[in-house]
Structures are given as structure tokens and as C-alpha cells.
Engineer: 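This is the structure I want to talk about, given as C-alpha cells.
So that the names make sense, note that chain A is the first sequence line, chain B the second, and so on, each numbered from 1.
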Number of protein chains: 2
Amino acid sequence: MTGDAKSPKGARRGESRRAQLIKGVLDLALLCILKERPHYGLEILQRMNEEAELDVADGTIYPLLHRMEASGFVSAEWRIEGDQARPRKYYALTPSGVAELKSLSADWRTLSTRMNALIDKSKP
Amino acid sequence: MTGDAKSPKGARRGESRRAQLIKGVLDLALLCILKERPHYGLEILQRMNEEAELDVADGTIYPLLHRMEASGFVSAEWRIEGDQARPRKYYALTPSGVAELKSLSADWRTLSTRMNALIDKSKP
DNA sequence: ACCAGTCATCTTGTAATGCAAGATATATGA
DNA sequence: TCATATATCTTGCATTACAAGATGACTGGT
């Protein structure tokens, strides 16, 4: 009746990091960018658009940053840099965020390897 | 007031194929698999899980197939194969699906190149 | 001083979709 | 007959990328 005898029932949603990866390359991109140095919001946006060509909107980046902060991967701090007058909110990687980056990028490597193999296989 | 002086409206983000890609590597994987030969639903599921390690559920694959069919990329046909008794629904690529595969895999190549560059840059 | 534009952050509403769980139906074997 | 396996499909929920809007503060032109 249930027809689903093999599915691991204990695995509630949110455990599967692979699903996360498939949906959000954005998470990985963000962690990579913050690994280099702290950035503020619009700066991240610019780097994603120009460098990674991900074509992200600011309505995407701020909720993403807040999710990452709530997960403990990112910390935020208002700061005044150099000669600019207004403070900007700088986001930085936490140690736990560094670990997450390591884990996510390993997952990415696996996924991209498999996908490339699939694509090659589908060619003459 | 509206603070909306910057939006270059028009064609900007309409297509969203990139968003599609980011979210759904599944689409690409499906097209690749069907390019080789027609498959029926659970067969696709097995290949995705074993070969691509995408960890997909059947509640994912059937809606995906129906979307692809509605988009004209995939055609479906009940068929009886060899000695098995019950018919299975075989899905195959249409010419338009082949074109979509070509387009999507080009997008994939771009994305994976940029992501790998980002990841490399974030390393010591 | 005033006003328009820019920078920067944040919120809201919508649409897409992956997924667990359930429903349905048929064939096979105990 | 009943349980199991195969196979397809549906439903409800949670996530989330995005457009559009809101807010506030500084700057430059007049």
C-alpha cells in the first residue's frame, strides 16, 4: 500500500545537502567569496554578477545572507571603512562557515564530475 | 522615492534559464539520459540514483517528466517490451528536446567553469 | 536650504519545484 | 486470498530565487 519500502523514513527534509547543492549554487558562491575576505552586501552582489555571472538580485542576496547568519556560517558587523561616511554591514565567514565551504565544495566537485560524465555519455 | 532609477527593465531577467539551471540540474540529467535511448520512469530514477548519485525520489521524477512533456521536449508512449506483461510508459527526446539539451549543457559548462574558478580562488 | 539621485539594506508577495507520503493499479508467488 | 514488487501518478508542504517596493542616509546641483 505504501509502495515505498526503501525510502529512509527518518531522513527528514533539510538533511540532504545534495538537494541544497542542486538548488543553491548561490550558497557555495557566497561562501567562496567570503572566504577571501569580508564583504558587504552589494559588494557580494557585484562580484557574483560580474565574476561568476550568476545574475543575482539584491532581493536574493539579503535573505540568503540572513539565512547563512542564522545557520551560523556567517557573522555580520557594521563597520566604517576608510573615508566613507556611512557604515556598511560586513559579512564574514565563521569557522563553521569555513567547514561548510569545504564540505559544499567537495559535494560540488562530485556533482560536476558526474554531470560531465553524463553529458559526455550522451554525445556521439 | 521609489528608489527605482536603476532598473533596466525590458528583457533583463525574463528568460531565467540560468535560474532553471541553478535549481534544476535534474532537467539536464534527464535530457542526457533520454538522449541515449528512451527510458521509462523508474528506469530513469534508477540511473539518476546509481549513476549520477542525484538521490531523486519518484515524487520528483514524474512531475518533472510531465513538465518536460508539456514543454515539448519529451514525448511519451505506452509500450510493451520483450517478455514483460504490463505496459510501461516510455519517454523519449523530441527534436526540440535535443536542442534544449544542447543549450542546457552549454549553460552547464559555463556555470561549472565559473564556479570552479571561484572555488580555486577561495583556496590558499 | 532644498530636492533629486545614489548607495545600501531590508521586506513582501509570488511562482517554481524538490520531496515525503499517499493513492492506484497490475502482475507474481506463497 | 493475501502480501509483495513494480510502476505511475497526486497531494501538501517547505524552500527559495526573484521582482517590486520601502526605508534611510549621504551627496551634488541649483
Side-chain angles (χ1 to χ4, degrees), chain A residues 1-27 29-30 39-46 48 54-71 76 78-81 83-91, chain B residues 1-10 12-27 29-30 39-46 48-49 54-71 76 78-81 83-91:
Chain A
M1 9 226 334
T2 59
D4 196 26
K6 65 179 159 197
S7 139
K9 312 195 82 159
R12 211 178 186 285
R13 175 138 179 73
E15 189 198 8
S16 146
R17 184 175 297 117
R18 180 136 320 143
Q20 287 297 78
L21 218 205
I22 291 175
K23 262 200 255 183
V25 185
L26 290 183
D27 297 25
L30 172 66
H39 288 66
Y40 64 95
L42 282 191
E43 197 180 10
I44 295 171
L45 195 87
Q46 286 161 7
M48 281 194 177
L54 285 176
D55 206 23
V56 189
D58 66 327
T60 298
I61 210 72
Y62 287 111
L64 171 60
L65 282 167
H66 298 156
R67 284 199 303 274
M68 291 301 230
E69 199 181 354
S71 303
W78 288 97
R79 200 198 301 171
I80 295 185
E81 193 90 349
D83 57 347
Q84 100 236 357
R86 295 192 318 268
R88 303 196 267 224
K89 200 169 180 182
Y90 278 80
Y91 295 89
Chain B
M1 313 306 193
T2 58
D4 193 27
K6 65 171 173 191
S7 67
K9 35 220 82 168
R12 180 100 177 113
R13 190 184 301 277
E15 197 91 33
S16 86
R17 183 176 296 117
R18 179 137 320 145
Q20 285 299 76
L21 218 203
I22 292 175
K23 262 200 255 185
V25 185
L26 290 184
D27 298 26
L30 173 65
H39 288 66
Y40 64 93
L42 282 192
E43 197 180 11
I44 295 170
L45 194 88
Q46 287 161 6
M48 282 194 177
N49 288 341
L54 284 177
D55 207 21
V56 189
D58 65 327
T60 298
I61 210 72
Y62 288 110
L64 172 60
L65 283 166
H66 298 155
R67 283 200 302 275
M68 292 300 232
E69 199 182 354
S71 303
W78 288 97
R79 201 199 300 171
I80 295 187
E81 193 91 348
D83 55 348
Q84 101 239 357
R86 274 157 42 222
R88 301 195 270 223
K89 201 167 179 183
Y90 277 80
Y91 295 89

Engineer: Between dT24(C) atom C1' and Tyr62(B) atom OH, what is the distance in whole Å?
Structural biologist: 13 Å

Engineer: Give the nucleotide from the list dC19(C), dT6(D), dC7(C) with an atom nearest to the side chain of Leu42(B).
Structural biologist: dT6(D)

Engineer: Compare every heavy atom of Asn49(B) with every heavy atom of Val56(B), then report the nearest pair and how far apart it is.
Structural biologist: N-OD1, 2.7 Å

Engineer: Take the angle between the ring planes of Tyr40(B) and Tyr90(B) and call it parallel below 30°, perpendicular above 60°, tilted in between.
Structural biologist: perpendicular

Engineer: For a quick check of understanding: with a heavy-atom distance under 4.0 Å over all strands, which category does Tyr91(B) fall into, base, sugar-phosphate or nothing?
Structural biologist: sugar-phosphate

Engineer: What integer distance in Å separates Leu64(A):CG from dA17(D):P?
Structural biologist: 6 Å

Engineer: Output the rounded distance in Å from CD (Glu43(A)) to C1' (dC7(C)).
Structural biologist: 13 Å

Engineer: Kindly indicate whether the side chain of Asp58(A) and the base of dC10(C) share any N or O donor-acceptor pair separated by less than 3.5 Å?
Structural biologist: yes

Engineer: Rounded to the nearest Å, what distance is computed from the OH atom of residue Tyr40(B) to the P atom of nucleotide dT6(D)?
Structural biologist: 9 Å

Engineer: Check every strand shown and say whether Gly41(A) touches a base, only sugar-phosphate, or nothing at a heavy-atom separation below 4.0 Å.
Structural biologist: sugar-phosphate

Engineer: Atom CD1 of Ile80(B) to atom C1' of dT6(D): distance rounded to whole Å?
Structural biologist: 15 Å

Engineer: In this structure, how many angstroms lie between the C1' atom of dC9(D) and the CH2 atom of Trp78(B), rounded?
Structural biologist: 9 Å

Engineer: May I ask you to verify whether the side chain of Arg67(A) and the base of dT16(D) hold a donor-acceptor pair under 3.5 Å?
Structural biologist: no

Engineer: Kindly give the heavy-atom pair with the smallest separation between Leu30(A) and Met48(A), and that separation in Å.
Structural biologist: N-CE, 3.5 Å

Engineer: What closest approach, in Å, do Trp78(A) and Pro87(A) show between heavy atoms, and which atom pair accounts for it?
Structural biologist: CZ3-O, 3.7 Å

Engineer: Return the 5'-most residue of the pair His66(A), Arg86(A) with respect to DNA chain C, ranking by each residue's nearest nucleotide.
Structural biologist: Arg86(A)

Engineer: Nearest heavy-atom pair of Tyr91(A) and Leu65(A): which atoms, and what distance?
Structural biologist: CE1-CD1, 3.5 Å

Engineer: Nearest whole angstrom, please: distance from the P of dT9(C) to the NE2 of His39(A).
Structural biologist: 12 Å

Engineer: When the distance from NZ of Lys89(A) to C1' of dT11(C) is rounded to whole Å, what number comes out?
Structural biologist: 13 Å

